[in-house]
Structure formats: C-alpha cells, structure tokens
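So you know, we letter chains A, B, ... as the sequences are listed, proteins then strands, and number each from 1. On a predicted model such as this, the values are computed, not experimentally measured, just so you know. Heavy-atom basis, side chains included; hydrogens, waters and symmetry copies ignored.
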Protein chains: 2
Amino acid sequence: MKKILQIISDAPLFNGLSEEQLNDVRQISVDKFCDKGKTIFLEGDDCNGFYIVADGKVKIYKVSFEGKEHILHIYGPGNPFGEVPVFAGRKFPANAQTLLKSHLLFFPRTAFVDLISKNPSLALNMLGVLSMRLRQFTVQIENLSLKEVPGRLASYLVYLSQEQGRTDVVALNISKGQLASLLGTIPETLSRILTKMNQHHLIDTSGRDIILKDLGGLKDLAEHGKLQ
Amino acid sequence: MKKILQIISDAPLFNGLSEEQLNDVRQISVDKFCDKGKTIFLEGDDCNGFYIVADGKVKIYKVSFEGKEHILHIYGPGNPFGEVPVFAGRKFPANAQTLLKSHLLFFPRTAFVDLISKNPSLALNMLGVLSMRLRQFTVQIENLSLKEVPGRLASYLVYLSQEQGRTDVVALNISKGQLASLLGTIPETLSRILTKMNQHHLIDTSGRDIILKDLGGLKDLAEHGKLQ
DNA sequence: CCAGTACCTTGACTTAAGTCAAAAAAGCGT
DNA sequence: ACGCTTTTTTGACTTAAGTCAAGGTACTGG
C-alpha cells in the first residue's frame, strides 16, 4: 500500500523525515476504516494511541450535562488527533466521531513513544504540532471570551478565506448546526446573524457557500467584535 | 548558585533528568529579575526563547480592541511559559506580565532546541508539558462555551480545592478582579455571583479566602451549570 | 491616624443570546 | 416526483450577563 506512505509523508507531523524514518512510522501504524457517524473514542476512554486522518472528516467534541454538544475541532486528511493523552496521561479529554466515511491511521502509544525517543527530528515535529494546537486554542479562547457571536463568525469566515485561498467565496463543508456548535452557539442564533450580515452587505449565503461581499468589513468585525 | 539548579530540577519540565543533563540545562539558562507589573513580552513580539518562573507570579493575557483584558493563565514557581512559539513559530500569541516581584529563567530558543534534539527524555518531558497545557485549554474552552459564570466559578473553586488539598477553605491568591478576568467575566458579575452562592449556603467569603460550605453542591454546579 | 488609592459591592438599566415552538426549505431514498 | 427526514429559518419570549454610575471597604504610606 504505497498510498499510505504518501499520506504519512504528507502529514505535517512527519514533515522532513527520511525515507527510512517514514518506513518506521508506517511499520507501527494500523489502518482503521470507519463509516460515517462512527464513534472513535469517548471522553474518559483509556488512551492507547492516537490517530491521523488519512481520508474523511472527524469531529472532536464535548457534551454538557444537559446533552448540549460543543465541537472543539473538525479534522481532515493529514491532521492528527487524540495525541494529547499519549503524552499527558491516560484518558481522552473529549469525544471523537467521524462526520464522513473515513480512513484513519492508528498509532499505538508505546510503539510511538519508542519511535519518538529514537528520532529527535520526529520529536521536534511533534512539539511543533502540539504548539500549533496550543496557538489555535489560544485563539479559540480569545474568541469565546472577548467577542460576541458575530465577531466569532467573522473570525471564522476570515480564517476559512485564508485556508481556502479565496477572497470572493468560501465553502463551509459542514452543516450550519455544526458551525454553530464550533462557534459556541446554537443554530437559531447563527441563522439570525447570517441574516443580519446579509442585510449589512457583508456576505451572501447560498447553501453551504458563503459569498464574501466585504472581506474588509468582516476583518474589521473580527477584530472589533461589534455588528451594527 | 546551587539554588537555581534546585529550581530547575524541581520544574516538571526537567523531571527525571540526570545530574549532567540538568547541568546542561543550567548552562543555557539566563536569570531575569523583574519588579511587579513588568511586561515580559507583548503579543506579536518575536520569540527568541521561553521562560520558567523561579519565583513570583506571571499572568498571560490577551487584550481586546476595546482594551478589555482577558487572563488566560497565571503561572507560579516551576511553571514554564512562552514555550509555544519556540516550536510553532516566531511570534508570542499573548502578553505576559509579572503580578509580583519575580525571578525568571530565560531559555534561548536555539540553545534549547539543540539541547532537546540531543536529549530524548527532555523531548518527552516537553511533550508531556505541552500536552498538559492542551488538556487545561480543553477544559477552559469547555467551561467558556458550555457553562454559565456560576458553573465556571464552581469549577474553579473545585479545582483550587484539589490544588490546595483542602475541602474546607481555599485561598484565591489573586484579586477578585483578576479572577473575574480568568473566568471570562467582569468584577461586577463575579461579585453578584459570590453573593448568590453565599445565600445558597455554598460558600462564605472572607477577603481572599473562600470557605467551602458545600463542596458537593459546588461540584454539582460545576457539572450541571445552573445556580438556583 | 489619616488621606489616598485601589479594590469590591450594589443598583438601575440595556442587550446579546438562549429557549420553545412552528413553519419553511433542502436532501435523500425509493 | 413523492413522501420522508433533516436542516434551516422565523417569531415571541425569557434571562444571563454586560454597562454605567455611585457608594463602600480595605490597604498603603506619610
């Protein structure tokens, strides 16, 4: 399966590793094929390894006592997830579920730790990946505590625009309900804000595509946080 | 200065390192003595290394456009900070300022990266520390998005109770204004909620000490998130 | 001990965003 | 195209928490 080696070498975590090191990584990885909606792990489960998305999409989420779900992250091809408890402890701190039929690579804990302690460059890559995650979390906390929902949505749209390299239109790729959860709000509120942004000529919605009519205005809103 | 070696060997980051490795670490560290209220770095500053608190207290915070400040973390002796951009990029993602007269150890970026790539166990320690940080952030995001302020406060009190190993009373160590910022709210709201918790016989306040009258009730509130 | 400053509390008011309920629109398999 | 489910939107209402403003309390240094 040379496709898998390709996936591994494309993942940021394994960037710049030698052919031999990549082969070592391949050796310890286990393929998992999952249907849409499959639970990969639940909060509190023992962690005996972590995953990389080879294909498909996975959501990482928490559930409140009342059953309200908050999505922390949505990961696609090349992204690792569940790597935190590999180094921090034994339990997963959140739930993971596939959003699409997915192909995952599983890396058993002990084998990976062995590998990392023999490969300083792999260790440094891993440190880089974790640090990027921390930076993203910092942004997310900033958004949640400093900004109102319109500001958070604007931030997200600006982020998508950079991610997708387009200034005219972005694709959501997830349902608006899921987006609401990712932004720490509920579908009703998100829907109202999208309508308001429409009225303010900031965007135009067309299904899961959002036409950016005033990217400057959105950036402004993302920084200053007030709509209207 | 053998006191500094003591501080280094006590820091979780350097746990379990050999005498020789600790000496290497000491070699590259630079002492910085700061008065209370000294800014260590600002968001966007170039990162040429990270710090460990040897003595004193440091707050990591973000400032919104309107000047509202949100504290992300407060670190004391043994805690490292600013380590994220060492591996992720070049800029600090938040501001750092001393809350007390403090003694810091500075670790220059390149020297530390060299050191880490020669010490697999140091790399693993570092991975552990970053992973713990990520776990804390996950909790913080969960709190901010899933719970109302009373629930967040209850979470924090329960956390303090575990941290300080007491079930009867906890010490805040920071001002109530700073606590408000740490919880993502404002002093007025925090004050009102403390009063309400008093009326509900959950706590009793006495300056910066909080008497836990009903720890079970607080845990309940932290999980379920509703007061009254 | 007193003045001055920083911190904390209280009150009246406003507002963003959540809840509940129902209708409309979009997807999907047959 | 049809009926079914899921997603999205809209409306009326409630509420948590923010703003502004004014007192009160406590700690500091002279």
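By the salt bridge (Lys or Arg N to Asp or Glu O under 4.0 Å) test, Lys91(A) pairs with Asp46(A), sequence neighbours left out.
Across the protein-nucleic acid pair, Ile193(B) atom CD1 and dT9(C) atom C1' stand 14 Å apart, rounded to whole Å. Atom P of nucleotide dG11(C) and atom NZ of Lys196(B) are separated by 13 Å, given to the nearest angstrom. Straight-line distance from the NZ atom of Lys176(A) to the P atom of dT10(D): 10 Å, rounded to whole Å. Here the P atom of nucleotide dA17(D) and the NZ atom of Lys147(B) are 13 Å apart, to the nearest Å. Computed from coordinates, the Leu144(A) CG to dA17(D) P distance equals 14 Å when rounded to whole Å. Rounded to whole Å, atom C1' of dA17(C) lies 15 Å from atom CG of Leu194(A). Taking atom CG of residue Leu190(B) and atom P of nucleotide dA17(D), one finds them 11 Å apart after rounding to whole Å. Summarising the geometry, the separation between CG on Leu172(A) and P on dA26(C) is reported as 15 Å, rounded to the nearest angstrom.
The side-chain heavy atoms of Thr189(A) and Leu183(A), taken from C-beta on, include no pair separated by under 4.5 Å.
Note on Thr195(B): every side-chain N or O is 4.0 Å or more away from OP1 and OP2 of dT9(C). Ser175(A) has no side-chain polar atom (N or O) that falls below the 4.0 Å cut-off from OP1 or OP2 of dT6(D).
The end-to-end axis angle of the helix from dT9(C)-dA22(D) to dT30(C)-dA1(D), rounded to 10 degrees and based on five pairs per end, is 60°.
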What does the B/S/- profile of nucleotides 19-30 of chain D look like, 5' to 3', with a 4.0 Å heavy-atom cutoff to protein?
BBB---------
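Closest non-hydrogen pair, Pro150(A) versus Leu221(A), comes out as O-CD2, 3.8 Å.
Partner of Leu104(A) under the side chain to side chain contact (heavy atoms under 4.5 Å, CB included) criterion, out of Asp55(A), Ile52(A), Ile40(A), Val30(A): Ile40(A) alone.
For Ser175(B) (side chain) and Gln178(B) (main-chain N/O), a donor-acceptor pair under 3.5 Å exists by modelled atom type.
Of the two residues contacting DNA chain C, namely Gly207(A) and Thr185(A), the nearest-nucleotide position lying further toward the 5' end is that of Thr185(A).
When only modelled atom types and interatomic distance are considered, Arg26(B) and Ser29(B) share a side-chain donor-acceptor pair under 3.5 Å.
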Phe14(A) and Phe107(A): ring pair (Phe, Tyr, Trp, His ring centres under 6.0 Å), yes or no, with the steps?
CA-CA 13 Å; Phe14(A) 305 119; Phe107(A) 294 87; 5.7 Å; yes
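Heavy atoms of other residues, nucleotides or ligands lying less than 6.0 angstrom from NZ of Lys57(B) number more than 12. Counted within 6.0 Å of NZ on Lys213(B), heavy atoms from surrounding residues, nucleotides or ligands total more than 12; the atom is thus considered enclosed.
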